[in-house]
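The chain is numbered in sequence order, starting from 1.
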Amino acid sequence: MTFVSPPLAAMLESRRTAYNQRFNLARRAYPDMDAEIFKAFLRETLDPLVATASHRDPGAIPPLVDAAYDVGLELIGKKLLGPHARLPYLQALWTRVFPQIMGLILKAPAPLMVRLSNAACQIGGQEHARCAEWLEALEQWGPRCENADQLQQFAQILAWRSGMAQFRESVLKILPTLPTPLMADVFKSVQGLPWSDVLAKLERNPWYHPSQPDQDPVQPFAGYVGGFRGSGGPFLHPPLARAVAGGLVLTSGGEQWALYADVFGMTHKRCAATRQSFTTETSEDVRVEGKSRVIWNAIAYDFSHEGTVSSVASNPHTLAVTLENSHFVWLYARRHAV
């Protein structure tokens, strides 16, 4: 095993039979598994991690290699890692982030490698998420986490901050439990507010951004989500929006999506299209005048240049508008005074 460093070569040699069996099993599951590509993974990705680990705790190398070998086989077999990877983010996670959080990985190599790799795939595969931003933040602040559980919670917080709006509710429960200095740095306020004040503002208003100055309570265009399924979007037919208990829902051709939107991102997640899924609420603060004019909180929105409005729905913070001939959903934010 001269293609890798002595610590990894010794480990591979001592468990050659077991590792060969694992590789052969993986090849049955993934017939086009390339031995040279996996060898490159051992040399270019795993070997630097072993070198980093050897400086911290040489005794932790065996469980690290065992975990990385198995996870690497699966990721390469699924073409999520290596030269044929569909997304570039996993390689950056393994080569940039893992060395920075090696102290934590050595305490729970398999769980952290699997869960963070799955997170990178999930974030990287979502159109409106910013996986590069997530990786950069995890690389910068991840080493300040105190244990593996805290790191996993922190990774979810960063995912929310990087556009995974569906995590907002769960993250707001986690935020108060993590170290205040770390959270204050991540959500640094331009106003120099204490973390407790920033947290309170985040909880009250989904459109509050700590790193931006407070703005007047106007309703600006926030963005849009959706698209035609034939072009990579989620909807086979133009969607309709409705308000439900606790949020907004989009329906299209008998299918249903929960809509999530806040200052960090906008997305939709497929959910069961049953009457029991949600309780419909009336959006009393929004109405349509004519065919193309929407009134929300006494402010008018003119869609005459876009088309005929097919549905409108709102919650206390967000307005959703759909058009008859469009597969997209227009979203507007209500920036309450905070």
Side-chain angles (χ1 to χ4, degrees), residues 126-128 163-169 204-209 215-338:
Q126 183 166 300
E127 180 183 0
H128 293 279
M164 303 288 278
Q166 65 268 39
F167 292 154
R168 173 181 170 79
E169 184 175 344
R204 284 198 303 268
N205 182 9
W207 297 103
Y208 167 69
H209 199 305
Q215 301 182 18
D216 294 332
V218 297
Q219 285 108 326
F221 176 62
Y224 56 87
V225 297
F228 176 52
R229 186 173 298 174
S231 302
F235 304 130
L236 188 59
H237 306 284
L240 298 174
R242 62 188 177 97
V244 299
L248 300 170
V249 163
L250 306 173
T251 59
S252 171
E255 299 174 306
Q256 186 166 269
W257 290 259
L259 175 62
Y260 304 93
D262 65 15
V263 72
F264 296 118
M266 293 162 283
T267 189
H268 35 70
K269 185 177 180 181
R270 189 186 294 271
C271 53
T274 64
R275 291 181 180 273
Q276 289 75 27
S277 296
F278 299 96
T279 301
T280 302
E281 295 181 345
T282 303
S283 300
E284 296 180 353
D285 59 344
V286 60
R287 67 181 189 276
V288 180
E289 293 183 348
K291 296 182 177 181
S292 303
R293 182 179 170 88
V294 177
I295 309 297
W296 183 46
N297 290 309
I299 296 178
Y301 299 83
D302 185 5
F303 288 88
S304 58
H305 295 292
E306 285 79 19
T308 300
V309 173
S310 57
S311 71
V312 294
S314 69
N315 60 28
H317 310 287
T318 306
L319 168 69
V321 179
T322 65
L323 304 177
E324 286 185 356
N325 297 315
S326 175
H327 290 82
F328 290 94
V329 183
W330 273 254
L331 299 177
Y332 292 82
R334 182 180 184 185
R335 284 201 170 95
H336 303 274
V338 294

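With values rounded to the nearest 0.5 angstrom, T322 atom OG1 is found 5.0 Å from L240 atom CG. Put simply, NE2 on H128 and OH on Y260 are 15.0 Å apart, with the number rounded to the nearest 0.5 Å. Note: H317 NE2 to L248 CG = 10.5 Å, rounded to the nearest 0.5 Å.
If you run ring pair (Phe, Tyr, Trp, His ring centres under 6.0 Å) between Y332 and each of Y224, Y301, W207, W296, only Y301 comes through.
Shortest non-hydrogen contact noted between N315 and G247 is ND2-CA, 4.4 Å. Considering all non-hydrogen atoms of both residues, A261 and P206 come closest at O-CB, 4.5 Å. Across every non-hydrogen atom of Q256 and V249, the tightest pair is CG-CG1, 3.4 Å. Heavy atoms only, all atoms of each residue included: A313 and A243 are closest at CB-N, 3.4 Å. Taking each heavy atom of P239 and S310 in turn, the nearest pair found is O-OG, 4.1 Å. The minimum heavy-atom distance between A165 and D262, with the atom names listed, is CB-OD1, 4.0 Å.
Checking side-chain atoms of D302 against main-chain N and O of S304 turns up a donor-acceptor pair under 3.5 Å. Between the side chain of T308 and the main chain of K291, no donor-acceptor pair closer than 3.5 Å is present. When atom types are taken as modelled, the side chain of S252 and the backbone of H237 share a donor-acceptor pair closer than 3.5 angstrom.
The 12-atom threshold is exceeded at CD of E289, counting heavy atoms of other residues, nucleotides or ligands nearer than 6.0 Å.
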Can I get a per-line list of side-chain donor-acceptor pairs under 3.5 Å for residues 263-270, giving both atom names and the distance, sequence neighbours left out?
unit_1 : atom_1 : unit_2 : atom_2 : d
T267   : OG1    : Q126   : NE2    : 3.2
R270   : NH1    : E255   : OE2    : 2.9

Checklist entry - Between L259 and L331, does a side chain to side chain contact (heavy atoms under 4.5 Å, CB included) hold up when you go through it step by step? => result CA-CA 10 Å; L259 175 62; L331 299 177; 3.7 Å; yes
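With a 4.5 Å cut-off on side-chain heavy atoms, L323 and P238 do not count as touching. At a threshold of 4.5 Å between non-hydrogen side-chain atoms, the residues S326 and E306 do not count as touching. Considering only heavy atoms from C-beta on, V321 stays 4.5 Å or farther from V329 through its side chain.
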